[in-house]
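Just below is one structure, and these are the notes that go with it.
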Amino acid sequence: MKRTIYNKLIKWKLSKDRKPLMIYGARQVGKTYILKKFGEQEFDSFVYINCFRNESAKTLFAESKNVSNIVLGLSAMSGVTITPGKTLVFLDEIQEIPAAVSALKYFCEDMPELHVVVAGSLLGVMNLEGESFPVGKVNIMHLYPMTFSEFLLAMDKKALYDILASHDYATAKIVAPLFKDMLRQYYFTGGMPEVVLSFSQKKDINEVRAIQNEIIASYMSDISKHTGKEAQRIRMVWQSIPSQLAKENKKFIYGAVRKGARAADFEIAIQWLIDTGLVYKVGRVKDARIPLKFYEDPNVFKLYLVDIGLLGALAIVPPDQILIGDNVFKEYKGAFTENYVIQQLSTIPNLPVYYYSKDNSTMEIDFIVQSGDQVLPVEVKAEENTKAKSLRTFVTEEFSKYNLTGVRLSMKDYERQSWMVNVPLYFTETFFETNDDL
């Protein structure tokens with residue numbers, strides 16, 4: 001399956017300033033698959049070392065800081081002659097060997113011509129156990145679940161993909177029913193590559209849900225194995241997210257996790273979920289000026305699941321409620337659609353995303369996006385009923401002095417108004433990638 005990160009990997013390979021590459025991402029988002037494909041297709045030779053329970057690799061990195069010796073050892077372990085400039089060395093699950101993470105500094109300084117990539121599902125929370133992280137000595141990329149655009153390619157809908165990529169709103173209007181149908185399917189499958197592959201090949205909804213449940217079970221296993229006494233609290237936060245999102249006000253409420261709970265009870269658990277990439281945190285801002293980070297309220301935020309398909313599985317939503325009719329767009333207080341939007345926005349580099357609300361009123365803006373030198377208030381509408389009272393008030397009254405342009409994401413066709421642009425939901429990713437249509 002095609003992933004947009006592949007082009008970034010090619011640029012990294014060709015860069016003269018290249019450093020060892022570290023790929024972050026939650027378990028099951030496709031890190032191993034895409035890096036193996038990259039190594040096999042773009043290099044003369046490829047070395048794959050899985051660090052999980054690999055005592056030979058652990059000993060190698062523990063006993064040697066000499067890059068030449070390490071490369072010789074990796075070559076012996078893999079049976080592949082490593083030639084700098086022609087071989088890709090891929091160390092998977094590298095969090096299992098902290099000394100290997102530290103050794104990336106030596107690869108960068110002593111053998112920069114060798115292409116080295118590393119990945120791991122728990123890199124964000126790893127304990128280096130006395131080793132030092134190679135600050136400034138690695139390039140970093142993030143891999144997320146497949147976006148809607150990538151889903152279209154996987155489903156052999158290249159023509160629809162091209163419409164999104166070219167921002168062809170006129171043609172999109174003509175084929176809107178096709179986009180709506182594919183979006184409904186994406187809401188069900190989500191973007192986990194194994195799920196998408198199964199659905200694209202078999203269209204078996206029971207198998208899709210079974211794979212989603214297996215992925216969730218693997219997350220629960222990670223929590224149990226790696227978090228000690230925090231495991232129960234992490235599971236409680238994770239399990240509470242569907243009900244948190246089903247509220248009209250989706251602000252995270254500690255008391256909804258456990259009666260009487262406070263921030264101190266669950267802040268470590270929440271941070272673990274964020275660091276492992278299992279949730280997206282969207283903080284609240286109190287103003288609409290750049291940089292938005294200056295105006296963030298650290299005590300108020302929303303949490304969304306890493307993948308919209310997993311949200312449906314975790315909430316045990318019957319597949320027919322998603323795949324048939326418009327229930328998924330109308331029900332659940334827009335939870336699915338907001339989760340869909342943040343899932344697309346999170347894949348775009350340098351695009352800080354927050355939300356806005358006032359303490360003394362019901363006015364809330366679903367997302368506030370900092371795109372280049374612009375602040376874009378974004379209202380998400382799950383269907384075609386698009387009365388945007390809060391967005392209009394925000395743009396034309398509350399912050400009229402800033403001359404903002406509102407963005408409404410809905411099932412309606414593309415439309416420009418004096419104070420706002422309506423963007424079809426299926427254009428979310430491509431619209432914000434370039435921001436050329438404002």
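What you see is a predicted model; the values in this text were computed from it and never measured.
Looking at Ser45 and Thr87, their side chains do bring a donor and an acceptor atom within 3.5 Å of each other. At a cut-off of 3.5 Å, with distance as the only test, a side-chain donor of Asp307 or Gln343 sits close to an acceptor on the other residue. Side-chain contact, Ser224 with Arg235: a donor N or O sits under 3.5 Å from an acceptor N or O. Under 3.5 Å, the side chains of Asp413 and Tyr169 contain no donor-acceptor pair of N or O atoms. At a cut-off of 3.5 Å, with distance as the only test, no side-chain donor of Gln344 or Tyr426 sits close to an acceptor on the other residue. Side-chain contact of Thr32 with Tyr48: a donor-acceptor pair under 3.5 Å is absent, judged by distance alone. Residues Gln212 and Glu214 bring no donor and acceptor atom of their side chains to less than 3.5 Å of each other. Counted by atom type alone, Ser410 and Asn422 present one or more donor-acceptor pairs between their side chains at under 3.5 Å.
Under a cut-off of 6.0 angstrom, the local environment of CD1 in Ile316 is sparse, with at most 12 non-hydrogen atoms contributed by other residues, nucleotides or ligands. Around CD of Gln232, the count of heavy atoms belonging to other residues, nucleotides or ligands within 6.0 Å does not exceed 12. Shown here is Lys37, whose NZ atom has more than 12 heavy atoms of other residues, nucleotides or ligands within 6.0 Å. With a 6.0 Å radius and a threshold of 12 heavy atoms from other residues, nucleotides or ligands, Lys13 has its NZ atom above the threshold. Residue-environment remark: NZ (Lys203) exceeds the threshold of 12 foreign heavy atoms within 6.0 Å.
Here Trp12 and His115 bring their ring centres to under 6.0 angstrom of each other. For an aromatic pair to be called close, the ring centres must be under 6.0 Å apart, and Tyr414 with Phe427 fails this. In this structure, Phe394 has its ring center under 6.0 Å from that of Phe399. Checked against a 6.0 Å centroid threshold, the rings of Phe148 and Tyr186 count as neighbours.
Remark: side-chain polar atoms of Tyr280 are paired, donor with acceptor, to backbone N or O of Val306 under 3.5 angstrom. A side-chain donor-acceptor contact under 3.5 Å links Asp366 to the backbone of Val380. Of the possible donor and acceptor atoms, none in the side chain of Asn339 sits under 3.5 Å from a partner among the backbone N and O of Ala335. When atom types are taken as modelled, the side chain of Lys31 and the backbone of Gly25 share a donor-acceptor pair closer than 3.5 angstrom. For the pair Lys202 (side chain) and Asp204 (backbone), a donor-acceptor distance under 3.5 Å is absent. Not a single donor-acceptor pair under 3.5 Å links the side chain of Glu429 to the backbone N or O of Leu345. Between the side chain of Glu131 and the backbone N or O of Pro98, no donor-acceptor pair lies under 3.5 Å. The main-chain N or O of Ala217 is never found under 3.5 Å from a side-chain atom of Ser221 such that the two would form a donor-acceptor pair. No donor-acceptor distance shorter than 3.5 angstrom exists from the side chain of Glu230 to the backbone of Ile268, with no hydrogens or angles considered. For Ser198 (side chain) and Glu194 (main-chain N/O), no donor-acceptor pair under 3.5 Å exists by modelled atom type.
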Next on the checklist: Let's go through Tyr340 and Tyr187 carefully: what are the C-alpha distance in whole Å and the side-chain angles of both, what is the deciding distance for ring pair (Phe, Tyr, Trp, His ring centres under 6.0 Å) to 0.1 Å, and is it a yes or a no?
Outcome noted: CA-CA 7 Å; Tyr340 160 78; Tyr187 275 31; 5.5 Å; yes
Checklist entry - Is there a side-chain contact (heavy atoms from CB on, under 4.5 Å) between Ile215 and Val195 once you walk through the steps? => result CA-CA 9 Å; Ile215 292 173; Val195 175; 4.0 Å; yes
Item to check | salt bridge (charged side-chain N to carboxylate O under 4.0 Å, His left out) between Glu364 and Lys358, intermediate numbers included | outcome: CA-CA 7 Å; Glu364 178 174 311; Lys358 297 183 71 173; over 6 Å; no
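Glu338 and Lys381 are not joined by a salt bridge, as no carboxylate oxygen comes within less than 4.0 angstrom of a charged side-chain nitrogen. Ion pair Arg284/Glu296 not flagged as a salt bridge, since none of the NZ, NE, NH1 or NH2 atoms sits closer than 4.0 Å to an Asp/Glu carboxylate oxygen. Salt-bridge formation is not detected for the pair Glu150/Lys2: no Lys NZ or Arg NE/NH1/NH2 atom is positioned less than 4.0 Å from an Asp or Glu carboxylate oxygen.
Phe266 is linked by a ring pair (Phe, Tyr, Trp, His ring centres under 6.0 Å) to nothing, counting only residues two or more places apart in sequence or in another chain.
Both tests pass for Lys302 against the ring of Phe367: distance under 6.0 Å to the centre and angle within 45° of the axis. Both the sub-6.0 Å distance and the 45° axial angle are not jointly satisfied by Lys36 relative to the ring of Phe38.
The only member of Val116, Val138, Val118 that meets side-chain contact (heavy atoms from CB on, under 4.5 Å) when paired with Phe107 is Val116.
Residues in residues 231-252 take part in these ring pair (Phe, Tyr, Trp, His ring centres under 6.0 Å) pairs, two or more places apart or across chains: Tyr219-Trp238, Phe252-Tyr254, Phe252-Phe301.
Residue Leu91 comes nearest to Cys51 through the heavy atom pair CB-SG, 4.4 Å, listed as atom of the first residue, atom of the second, then distance. Pairing each heavy atom of Gly120 with each of Gln95, the nearest pair is CA-OE1, 3.1 Å. Scanning all heavy atoms of the two residues, the minimum distance from Glu42 to Ile10 falls at CD-CD1, 3.3 Å.
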